[in-house]
2 protein chains.
Amino acid sequence: MVEKLTIGKLAEATGTKVETIRWYEKVGLIAPPARTGGNYRAYLPGDLARLSFIRRARDLGFPIEQVRALLDLSDDRTRDCATVDRIATEHLREVDRKIAGLTALRRELSAVILSCDGGTVAQCRIIEALGPADPIAC
Amino acid sequence: MVEKLTIGKLAEATGTKVETIRWYEKVGLIAPPARTGGNYRAYLPGDLARLSFIRRARDLGFPIEQVRALLDLSDDRTRDCATVDRIATEHLREVDRKIAGLTALRRELSAVILSCDGGTVAQCRIIEALGPADPIAC
DNA sequence: CTTGACCCTCTAGCGACTACAGGGTGCATA
DNA sequence: TATGCACCCTGTAGTCGCTAGAGGGTCAAG
């Protein structure tokens, strides 16, 4: 008899919220576990490993569908590693795109803020920079 | 009589989707405009200015609630510019946090990918790096 | 008079959870 | 034995900022 885990213990062990675990079950990332007499979920150590995998992949920013694909791949250990590499590389490129976008945004936002040197809203360069042509004042 | 705009013209002029404009109206970012006999929305040039402002702020990544605050501020032009500056600076710090988080993630993800040098999933370092201790194989 | 582009409202869906509400279970303590 | 409390259950609705679709009405051109 292997030791069993309540959902709370599993949550604590993996740094996941209880509701999140139930949600992963609902969307099919983890299988519905056995139940105790009192209808409590009873997890096995294997579930802990799988959930850790999911959390780690999520922490690295993989979307759920990519996590699902990685889980499927890791289940069939005879397969070629190339698909795994492709998924991860694709994700890396997505992260790079996000960083580039945010960096450009940061530059522009920073320029807008630097233009402000106090005064009233009517003179404010930030507001001015946001509205191209406000016909009421200005 | 000022010239009026249909929602489609307004959308085109501001680079917004029609549905988005209706949604902005629903959440109170723009006031419900007058209607034509056929129940079409009839916008005025002032609406165009306001929507341009909203779009520009959104493009800079301001969340809706901050856009709302900026709009309120820009409506009262006698007020001190400091609040505007505070909102923008706060948002800039949020953007910086996001960039820092993504950059850290990128570093880690990149390291994981570099460790892969082909072979089967069983030998894959990417999968290995994701799962800390899979008791089935390894 | 018909076609087609536009407009209307209302509802549901996206991703990835999070937060209740309204109950049941299990264990320790008085 | 009773009671309290921490934990668990299901189900639903909310988050953010839209987006997509169903099922219809309106308007101008040909």
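Every chain is numbered from 1, with letters handed out A, B, ... down the list of sequences.
For the salt bridge (Lys or Arg N to Asp or Glu O under 4.0 Å) condition, the pairs that include at least one residue of residues 16-41 of chain A, sequence neighbours left out, are A:Glu25-A:Arg41.
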If you apply the rule side-chain contact (heavy atoms from CB on, under 4.5 Å), what do you find for B:Thr83 with B:Asp85, and how did you get there? CA-CA 5 Å; B:Thr83 308; B:Asp85 189 73; over 6 Å; no
Give the C-alpha distance, both sets of side-chain angles, the deciding distance and a yes or no for side-chain contact (heavy atoms from CB on, under 4.5 Å) between B:Phe53 and A:Ile127. CA-CA 9 Å; B:Phe53 185 105; A:Ile127 293 289; 4.1 Å; yes
Please test B:Leu130 against A:Leu60 for side-chain contact (heavy atoms from CB on, under 4.5 Å), starting from the C-alpha separation and ending with a verdict. CA-CA 9 Å; B:Leu130 285 169; A:Leu60 285 172; 3.8 Å; yes
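Atom C1' of nucleotide C:dT18 and atom CD1 of A:Ile21 are separated by 14 Å, given to the nearest angstrom. One interatomic measurement links the two molecules: NZ of A:Lys26 to C1' of C:dA16, which rounds to 12 Å at whole-angstrom precision. Spacing between atom CH2 of A:Trp23 and atom C1' of C:dC20 amounts to 18 Å, rounded to whole angstrom units. Distance CD (A:Glu65) to C1' (C:dG13): 15 Å, rounded to an integer number of Å. One atom, CD of A:Glu19, and another, C1' of C:dG15, lie 17 Å apart when rounded to the nearest Å. Rounded to an integer number of Å, the gap from A:Leu51 CG to C:dC17 C1' is 14 Å.
No more than 12 heavy-atom neighbours from other residues, nucleotides or ligands sit within 6.0 angstrom of CD on B:Glu12.
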Is there any protein nitrogen or oxygen under 3.5 Å from a nitrogen or oxygen in nucleotides 4-7 of chain C, and what are the pairs?
{"residue": "C:dC6", "atom": "O2", "partner": "B:Tyr40", "partner atom": "OH", "Å": "3.4"}
{"residue": "C:dC7", "atom": "OP1", "partner": "B:Thr6", "partner atom": "OG1", "Å": "3.0"}
{"residue": "C:dC7", "atom": "OP1", "partner": "B:Gly8", "partner atom": "N", "Å": "2.6"}

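Within 4.0 Å (heavy atoms only), A:Arg55 reaches sugar-phosphate atoms of the nucleic acid but no base atom. Note on A:Tyr24: only backbone sugar-phosphate atoms sit closer than 4.0 angstrom, heavy atoms only; bases stay farther off.
Using a 4.0 Å cutoff to heavy atoms of chain A, the contacted part of DNA chain D runs 5' to 3' from D:dC7 to D:dT12.
B:Arg55 is listed as a side-chain neighbour of B:Tyr24, based on a closest heavy-atom distance under 4.5 Å. Counting heavy atoms from C-beta outward, B:Leu5 and B:Leu44 have side chains that stay 4.5 Å or more apart. Between B:Val112 and B:Leu114 the shortest side-chain heavy-atom distance does not fall below 4.5 Å.
We find that A:Arg79 and A:Asp72 are not joined by a salt bridge, their nearest charged nitrogen and carboxylate oxygen being 4.0 Å or further apart.
Using a 4.0 Å cutoff on non-hydrogen atoms, no part of residues 96-105 of chain B comes near DNA chain C.
Closest-nucleotide positions on DNA chain D for B:Pro63 and B:Lys17 were compared, and the one nearer the 5' end corresponds to B:Pro63.
Partners of B:Arg86 by side-chain hydrogen bond (donor to acceptor under 3.5 Å, both in side chains), not counting sequence neighbours, listed by chain and number: B:Glu90. In terms of the salt bridge (Lys or Arg N to Asp or Glu O under 4.0 Å) criterion, residue partners of A:Asp96 (sequence neighbours excluded) are, by chain and number, B:Arg106.
Residue A:Thr20 places no side-chain N or O under 4.0 Å from the OP1 or OP2 atom of C:dA16.
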